[in-house]
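The following block contains the structure, expressed as structure tokens.
Note that the structure is predicted; figures quoted are calculated from it, not measured. The chains referred to below are lettered A, B, ... by the order of the sequence lines, with proteins before strands, and numbering in each begins at 1.
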Amino acid sequence: MSSTDSDGGIPLSVRVASLPSNGKNGGGGGDGSSSDSDNVPLSIRSKRQPASAPGGSDSGTESDQPLSGRVKAPRKKAVANGSAPTPAPKRTKKALTPKETKRPRTAASATAAPPKKPTVKSEPKATKPAATKAKTQIDRKPAIKAESSVAATSADDSDDSDNENDEFKWWLNNKDNTGPKWSTLEHFGVMFPPEYEPHGLPLVYRGQKLKMHPLVEEVATFFAALIGSDNAVNKVFQENFFNDFKELLDKHMEKHPVKTFEHCDFSIIRAHLDDIKAKRKTMTKAEKEAAKKEKLEIEEKYGFCMLDGRREKVGNFRIEPPGLFRGRGAHPKTGMLKTRVLPEQVTINIGSDATIPDPPPGHSWGKVVNDNTVTWLAMWKENINNNTKYVFLAAGSSLKGQSDMRKFDKARNLVKCVDDIRAQYTKDLKSEVMAERQRATALYLIDRFALRAGNEKGDDEADTVGCCSLRCEHVSLEPPSIVHFDFLGKDSIRYERTTDVDKQVWKNLRLFQKAPKAKSDMLFDRLSPTTLNSFLHTLMPGLTAKVFRTFNASFVFQKQLLNTPEVGTEAEKILAYNRANREVAVLCNHQRSVSKSFEGVMTKIEDKLLAVRYQRMLLKDHLMSIAPTLKKKRPDIAQKEVGVTAKWIKSYLLATCEVDREKARKKFERDNEKLKEADEPVIPESKLEEQLEEINAREKSINDGTYEPELPVAKNATTDKILEKIDKLTERVGNIEVNKIERDENKTTALSTSKINYIDPRISVAWCKKNNVPLEKIFNRALREKFTWAMDVDSEWTF
DNA sequence: ATTATGACTTAGGAGAATTGAA
DNA sequence: TTCAATTCTCCTAAGTCATAAT
């Protein structure tokens, strides 16, 4: 988002008067760059990059460079003696923070005790009935009054706080975010995936069937399930998989013959998996019902917790099942075996007064803590990268909602000071101090192009970068001020873009690339996200690099929404909304893979559109012949239909013949089948022949040019009726066209990510109110739930 | 000062569920 | 009703950033 955007007639009351960014114009050089950014043509979209490096476009040298071989640029000018060449000893600090590990409580002693409710310490209202004992779900009724829900919910007049009423409108109190995250917390722990059930099917090795130990078989089955996916043909994936697979073979099976991946044939197992899948498809209604019910029961139990006495939804209560690690892009560890998580590895976080959930029979929890400074309910370490996995509350929960709102408020705060900040970094672009100049340049990129901060990554991860970790090879310059970016960002999504930048920025980039730096050296060698962020803190409390992304996304969105037609159908308004959304998605480089059905679908839409136009044409022609004077009043009926050529009409009509024949045959078969079942005489073949003959005649007349099309209205319809029908068709044409345009523009752009994470929902709510568009057209259920806190704003609210 | 860890947000893809066209 | 296409949900990887450990 550029500076010019900010003055571009934005009605935002919030904007601060002066535009330092323009001030930069004065300094010369700033201008050109800023202007282009407001309407980034969609064509700049970058493409997803296949598994290898991006290819530095210009000299192309590096694109096939092995990850590991990459020379990491010396951060901080190689700070004295190349001390500790990275890999520092892993350590195992533990000792979870506050309180103490609660009574470890063996499975035996805990037995069947769902959260009993003597929950709260001091609260008198803790009326939990003993009845809870037998329940399998967390009680709906809050055990305690949320003490914080003060005024807002003040209608909390106890008696009937049961349902709707007790909805906790936390966003109406302005609570600060410091201090503990909760005071009481009860939950049922986590759900473990089912044990592996061996199928006993063999691996085929060099043509020989090999029955495997269950633990080996399980892993073989993981691979079999991926046959047909990109993973299965990825060399790194295969190698990593095979290493772990082989290790298990060696461990569990004496003298097995397996030596190389290439000779392994998993197809028998795969066939079995396909079989299971097919079987599942043919489940009866009753079976489906039963499965659904079971799922619901589980969700009812593990899916909720009691947080400060309120029932809240839990997000991912399932422990991740074992499988093959599917690292994205060129991840060095992709394909490795992600091992099964045992209860002994899981830490439970729960209120000190709550009943500790039972671990699965015969097991115990690794640890139980009562840490109310964090929001997670459970935690474990995953074996691939030694990362911590958490069980958090769902997106719609109050905890998540609160931090979400805080995030957007912070971004909104930036609206007020962004002009000053831009002025500051524009000035710093010319700083004598290298570190400052780099910082300013990086900040410019973050602000203009919504780049991520770009933390350093290890050699055991995919080589992706963000702003601070850009290497010289990722940026190529072209005088006088064109920059070409090409690098892999988060999730190995390629960022590719050619654009004009501020002249000083361009000069700086050239300076930062100067010899003796190599292509693989860091562009910003005097900068790290830490230093950048601590500088940002001095400009605005809580400001970090990522706030710019949120700010710019929401700001651009709000600005783009101004293109909503004031008069227009709902569809047109929604199109404008989605376009604004798309603009943001493009800015943030949110991509998705083109669905395989895309081309076909587009053709179909095109055909549908022409078919409707053809219908409309027939009616118009008819009207012109029976009431030629009408065209004075309705000039549109004299207008030609675009695209409906004689050639198209013919092929269309012929195609209908084919379709109709097919239909007739199908119907014939179906009818006869029914009759057969009912033991009644079937319709003779001749009947079908008759119908087909009719169609053939039609086909012939089409070919002759003697065919007289049927009108899509009754023969004796009045002109008014016909006009009415024409108007209906016109509306359909409009809708199809809108749909077509939108779809094409949407091909590779993912709108959801920005909608979920970057665009302040209050902008959308206000827009809906202003334009009379039902919110459901914009936000699905999950979004409405996630953004409850945003629903109250009025139509004039601005970001 | 630097690195490691911890906690939390952001991300795209797979598969399930729903919707729409025939 | 049936099938295909679209949308939604779930899943979990991959980021950011603050803070603890060294």
Does A/Tyr758 have a side-chain nitrogen or oxygen under 4.0 Å from the phosphate oxygens OP1 or OP2 of B/dT9?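 Answer no for this pair, as no side-chain N or O of A/Tyr758 is under 4.0 Å from OP1 or OP2.
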Look at the rings of A/Tyr495 and A/Phe487 and say which category their plane angle falls in: under 30° parallel, 30 to 60° tilted, over 60° perpendicular. parallel
Phosphate OP1/OP2 of C/dA4 contacted by A/Lys604 side-chain N/O (<4.0 Å):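 So the side-chain polar atoms of A/Lys604 never come under 4.0 Å of the phosphate oxygens OP1 or OP2 of C/dA4.
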Separation of A/Arg328 atom CZ from B/dG13 atom C1', in whole Å? 7 Å
A/Leu226 and A/Ala232 have their tightest heavy-atom pair at O-CB, 3.3 Å
Ring centres of A/Phe548 and A/Phe449 under 6.0 Å apart? no
Between B/dG6, C/dT16, C/dT12, which nucleotide gets closest to the side-chain atoms of A/Glu320? C/dT12
If you count the non-hydrogen atoms of other residues, nucleotides and ligands that lie under 6.0 Å from NZ in A/Lys313, is the total more than 12?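 No, the 6.0 Å shell around NZ holds no more than 12 heavy atoms from other groups.
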Phosphate OP1/OP2 of B/dC8 contacted by A/Thr375 side-chain N/O (<4.0 Å): yes
Can you check each nucleotide of nucleotides 14-19 of chain B against protein heavy atoms at under 4.0 Å and return B for base, S for sugar-phosphate only, - for none, in 5' to 3' order? --S---
Pair A/Thr375, A/Tyr390: side-chain N/O donor-acceptor within cut-off below 3.5 Å: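 On atom types as modelled, these side chains do not qualify, holding no pair under 3.5 Å.
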Looking across every strand, which nucleic acid part, if any, lies under 4.0 Å from A/Arg452 by heavy atom: base, sugar-phosphate, or nothing? sugar-phosphate
Examine B/dA7: is either OP1 or OP2 under 4.0 Å from a nitrogen or oxygen in the side chain of A/Lys389? Give yes or no. no
Residue A/Asn533, side-chain atoms from C-beta onward, closest of B/dG6, B/dG12, C/dA18: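 So the side chain of A/Asn533 is nearest to C/dA18.
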Which part of the nucleic acid, if any, lies within contact of A/Gly327, taking any heavy atom under 4.0 Å across all strands shown: a base, the sugar-phosphate backbone alone, or nothing?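 Sugar-phosphate only.
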A/Gln591 CD to B/dT10 C1': how many Å, rounded? 15 Å
Compare the minimum distances between each of C/dC17, C/dT12, B/dG12 and the side chain of A/Pro321, then state the nucleotide with the smallest one.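 Of all the options, the side chain of A/Pro321 is nearest to C/dT12.
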OP1 or OP2 of C/dC11 sitting under 4.0 Å from any side-chain N/O of A/Asn316? no
Check the distance between C/dT6's C1' and A/Asn578's CG and give it to me in whole angstrom. 14 Å
Quick one: is B/dA11 close enough that its OP1 or OP2 comes under 4.0 Å of any side-chain N or O from A/Ser752?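 It does not, given that no N or O in the side chain of A/Ser752 lies less than 4.0 Å from OP1 or OP2 of B/dA11.
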Can you figure out which of C/dC8, B/dA7, B/dA11 approaches the side chain of A/Asp491 most closely?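 The closest nucleotide is B/dA11.
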For a quick test of reading the model: is some side-chain N or O of A/Arg781 closer than 4.0 Å to OP1 or OP2 of C/dT9?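 Yes, within the criterion.
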Look at A/Arg318 and C/dC10 and indicate whether a side-chain polar atom (N or O) is within less than 4.0 Å of OP1 or OP2.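 Looking at the OP1 and OP2 atoms of C/dC10, neither is under 4.0 Å from any side-chain N or O of A/Arg318.
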Is the phosphate of C/dG15, meaning OP1 or OP2, less than 4.0 Å from a side-chain N or O of A/Asn455? no
Using 30° and 60° as the class boundaries, would you call the ring planes of A/Phe779 and A/Phe787 parallel, tilted or perpendicular? tilted
Write down the distance between CG (A/Asp371) and P (B/dA7), rounded to a whole number of angstrom.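 In whole Å, B/dA7 P and A/Asp371 CG are 7 Å from each other.
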For A/Phe317 and A/Tyr302, take the angle between the two ring planes, folded into 0 to 90°, and tell me which bin it lands in: parallel under 30, tilted 30 to 60, perpendicular over 60. parallel
Please determine whether a side-chain nitrogen or oxygen atom of A/His590 lies at a distance below 4.0 Å from atom OP1 or OP2 of B/dA11.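 Checking B/dA11 against A/His590, a side-chain N or O does come within under 4.0 Å of OP1 or OP2.
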Rounded to whole angstrom units, what separation is found between the CG atom of A/Leu783 and the C1' atom of C/dT7? 12 Å
Is it the case that the side chains of A/Asn581 and A/Ser754 hold a donor-acceptor pair, with the cut-off being a distance below 3.5 Å and no angle test?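 Side-chain D/A pair, A/Ser754 to A/Asn581: present.
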Nearest-angstrom distance from the residue atom OH of A/Tyr390 to C1' of C/dA14: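 From A/Tyr390 OH to C/dA14 C1': 14 Å.
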Pair A/Asp404, A/Lys407 - check salt bridge (charged side-chain N to carboxylate O under 4.0 Å, His left out), show working. CA-CA 5 Å; A/Asp404 214 25; A/Lys407 171 184 78 185; 3.1 Å; yes
Mind listing the closest non-hydrogen atom pair of A/Lys381 and A/Thr388 along with its distance? CE-OG1, 3.3 Å
Examine C/dC17: is either OP1 or OP2 under 4.0 Å from a nitrogen or oxygen in the side chain of A/Thr544? Give yes or no. yes
It should be established whether A/Lys381 places a side-chain nitrogen or oxygen under 4.0 Å from OP1 or OP2 of nucleotide B/dT5. no
If you pin A/Leu324 and A/Ala545 to their nearest nucleotides in DNA chain C, which one's is more 5'?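 First, find each residue's nearest nucleotide; the 5'-ward one identifies A/Leu324.
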Ignoring backbone atoms, test whether A/Arg549 places a side-chain nitrogen or oxygen under 4.0 Å from the OP1 or OP2 oxygen of B/dA11. yes
Which part of the nucleic acid, if any, lies within contact of A/Phe325, taking any heavy atom under 4.0 Å across all strands shown: a base, the sugar-phosphate backbone alone, or nothing?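 Contact class for A/Phe325: sugar-phosphate only.
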If you assign A/Lys608 and A/Lys400 each to the DNA chain B nucleotide with the nearest heavy atom, which residue ends up on the more 5' nucleotide? A/Lys400
Residue-phosphate contact under 4.0 Å: A/Lys490 side-chain N/O, C/dA13 OP1/OP2: no
Students often get this wrong, so: under 4.0 angstrom with heavy atoms, is A/Lys596 touching a base, only sugar-phosphate, or nothing? nothing
Nucleotide B/dC8, atom C1' - distance to CH2 of A/Trp182 in whole Å: 17 Å
Atom-to-atom span, CG of A/Asn780 to P of C/dC8 - whole angstrom: 5 Å
